[in-house]
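The next block holds one structure in the form of C-alpha cells; read it before the comments.
In each ligand, atom 1 is the first atom listed, and ligand 1 is the first ligand listed.
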Amino acid sequence: MDTKESYAVVTGASQGLGKAFAEKLAEKGINLILVSLPNQNLTELSQALEEKYHIKVHCYEVDLSVNENVLKLTEWLNSSFNIHILINNAGLGGTKKFTEASPEYINTILQVNVTATSLITHQLLPNLLKQPKAYILNVSSMAAFSPIGFKTVYPASKSFIHSFSRGLHEELKDTNVFVSVVNPGAMKTNADVCKRIEKQGVWGRLTLLNPDKVAARCIRQLFKKDSVIMVNPISWLVMKILPIWIKLPLMTQAIKREIKA
Ligand SMILES: NC(=O)c1ccc[n+]([C@@H]2O[C@H](COP(=O)([O-])OP(=O)(O)OC[C@H]3O[C@@H](n4cnc5c(N)ncnc54)[C@H](OP(=O)(O)O)[C@@H]3O)[C@@H](O)[C@H]2O)c1
C-alpha cells in the first residue's frame with residue numbers, strides 16, 4: 001500500500017456531476033482518486049483540489065468502455081490504496097433513432113454505464129470490505145423509471161444501475177459496505193445537455209437541477225445511509241404515479257423534439 005490513508009474513487013471526475021462530487025468530498029478533507037477519459041485536464045483539477053483542501057489527490061486517465069482498461073485500473077487501485085468510498089458516476093447516453101445508432105454508440109453506452117460500473121464495483125469490493133466503514137454510490141437517472149423512445153439504450157442501462165444497486169445493498173446490508181443509488185433528473189452539466197433540455201420544453205426547464213446541489217445532497221445522504229437518494233421528489237412522484245401507457249408516449253414525444261429541433 002502506498003499509504004495507510006484511505007481514499008475515495010470518483011469516475012467521470014473531470015467535469016459535470018463527477019467534478020462536483022470530487023469538490024464536495026475534498027471539502028470534507030477526503031483524499032481522492034479521480035478517474036476520467038484522457039486529455040480532460042484532470043491533472044490540473046487534482047492539483048487545484050490538493051492545494052485548496054490540503055488533501056492527497058491521484059488521477060488516472062482511462063477509456064472505461066474497454067474491459068481490459070477497467071481491470072488495469074482496478075488492479076492499480078487495489079495494489080496501491082485503501083479505498084473506503086466508490087462513486088460510479090461515469091455514464092453517457094444520447095438521443096438518436098435506434099435505426100441510425102452505430103454499433104459503437106450502443107456498445108459504448110452499455111460498456112461504460114453497465115459493464116464498467118459492475119466490474120469496478122466487483123473488483124474493488126474486497127478492498128472496501130477491509131475498511132472499517134465503506135460506501136458505494138452509483139449514479140443512475142430518472143430515466144431508469146420509464147422506457148423512452150429515441151433514447152432506448154440509455155434508460156435501459158440506468159434501470160440496470162438502479163436494480164443492481166438495490167440488489168447489492170440488500171446483499172451487503174450486514175457488512176461494513178453501504179450501497180446507495182441516486183436517480184437525478186436533467187442537470188446543467190455541459191453545453192450539450194443544456195441545449196438538449198432547452199428543446200424539451202417547459203417541463204425540461206422546470207425540473208433542471210444544479211449538479212453542485214445534487215452532489216452536496218448525495219454526499220450528505222450517503223453518509224446518513226440513505227439507500228435511494230432522492231434529488232427531485234416531484235419528478236419521482238410523477239414517474240411513480242403515471243402508468244406506463246401515459247408516461248412512455250409522453251416522454252418519447254418530449255425526447256423526439258430534441259431530434260426534430
Ligand atoms: N446531465 C444530466 O442531465 C444527467 C441526468 C441524469 C443522470 N446523469 C448521470 O450523471 C452522470 C454524470 O453525468 P454528467 O452529465 O455530469 O456527465 P457528462 O457531461 O454527460 O459526461 C459523461 C460522463 O461520463 C464519463 N465518460 C463518458 N465516456 C467515458 C468513457 N468511455 N470512459 C470513461 N469515462 C467516460 C465522463 O467523464 P470524464 O469527462 O471525466 O472523462 C463524464 O463524467 C452520468 O452517469 C449520467 O448518466 C446525468
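Here's the thing with Gly16: none of its N/O atoms is less than 3.5 angstrom from an N/O atom of ligand 1. For ligand 1, the polar-atom distance check against Met142 finds no nitrogen or oxygen pair separated by under 3.5 Å. Residue Lys158 has at least one N or O atom closer than 3.5 Å to an N or O atom of ligand 1. For Leu17, a nitrogen or oxygen atom sits less than 3.5 Å from a nitrogen or oxygen atom of ligand 1, counting backbone and side chain alike. Backbone and side-chain nitrogen or oxygen atoms of Val112 are examined, and none is located within less than 3.5 angstrom of a nitrogen or oxygen of ligand 1. The shortest N or O to N or O distance between Ser140 and ligand 1 is not below 3.5 Å. Below 3.5 Å of separation, one finds no N or O of Ala186 facing any N or O of ligand 1. On a distance-only criterion, Gly18 and ligand 1 share no N/O pair closer than 3.5 Å.
Looking only at distances, no side-chain donor or acceptor of Thr95 sits under 3.5 Å from a matching main-chain atom of Lys151. Proximity of a side-chain donor or acceptor of Asn232 to a complementary backbone N or O of Ile234 within less than 3.5 Å is not detected. For Lys158 (side chain) and Val139 (main-chain N/O), a donor-acceptor pair under 3.5 Å exists by modelled atom type. In this structure a side-chain-to-backbone donor-acceptor pair under 3.5 Å is present from Asn113 to Leu92. Side chain of Ser79 to backbone of Glu75: a donor-acceptor contact under 3.5 angstrom is found. The backbone N or O of Asn176 lies less than 3.5 Å from no partner atom in the side chain of Lys133, so there is not a single donor-acceptor pair. Side chain of Thr189 to backbone of Gly16: no donor-acceptor contact under 3.5 angstrom is found.
Residue Asn190 approaches ligand 1 through these ligand atoms, each under 4.0 Å from one of its heavy atoms: 18 (P), 19 (O), 20 (O).
The protein heavy atom nearest to atom 22 (C) of ligand 1 is Gly91 O, 3.2 Å. The protein non-hydrogen atom at the shortest distance from atom 21 (O) of ligand 1 is Gln15 NE2, 3.6 Å. Protein heavy atom closest to atom 40 (O) of ligand 1, with residue, atom name and distance, is Ser14 OG, 2.7 Å. In terms of protein heavy atoms, atom 8 (N) of ligand 1 is closest to Tyr154 OH, 3.7 Å. Residue, atom and distance of the protein heavy atom nearest to atom 4 (C) of ligand 1 are Met187 CE, 3.4 Å. Protein heavy atom in closest approach to atom 10 (O) of ligand 1: Val139 CG1, 3.4 Å.
Remark: distances from the non-hydrogen atoms of Gly93 to ligand 1 are all 4.0 Å or more. Within the 4.0 Å heavy-atom cutoff, Val62 counts among the residues contacting ligand 1.
Looking at Asp63 against ligand 1, both its backbone and its side chain come within 4.0 Å, counting heavy atoms. In Pro211, neither the side chain nor the backbone holds a heavy atom less than 4.0 Å from any atom of ligand 1. Contact annotation for Thr189 and ligand 1: only side-chain heavy atoms (C-beta onward) come within less than 4.0 Å of the ligand.
Between Glu50 and Lys56, none of the side-chain N atoms (NZ, or NE/NH1/NH2) sits under 4.0 Å from a carboxylate O, so this pair counts as no salt bridge.
For the side-chain hydrogen bond (donor to acceptor under 3.5 Å, both in side chains) test, no residue two or more places apart in sequence or in another chain qualifies with Tyr135.
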Q: List the steps, then state whether side-chain contact (heavy atoms from CB on, under 4.5 Å) holds for Ser14 with Lys19.
A: CA-CA 5 Å; Ser14 77; Lys19 187 177 174 188; over 6 Å; no

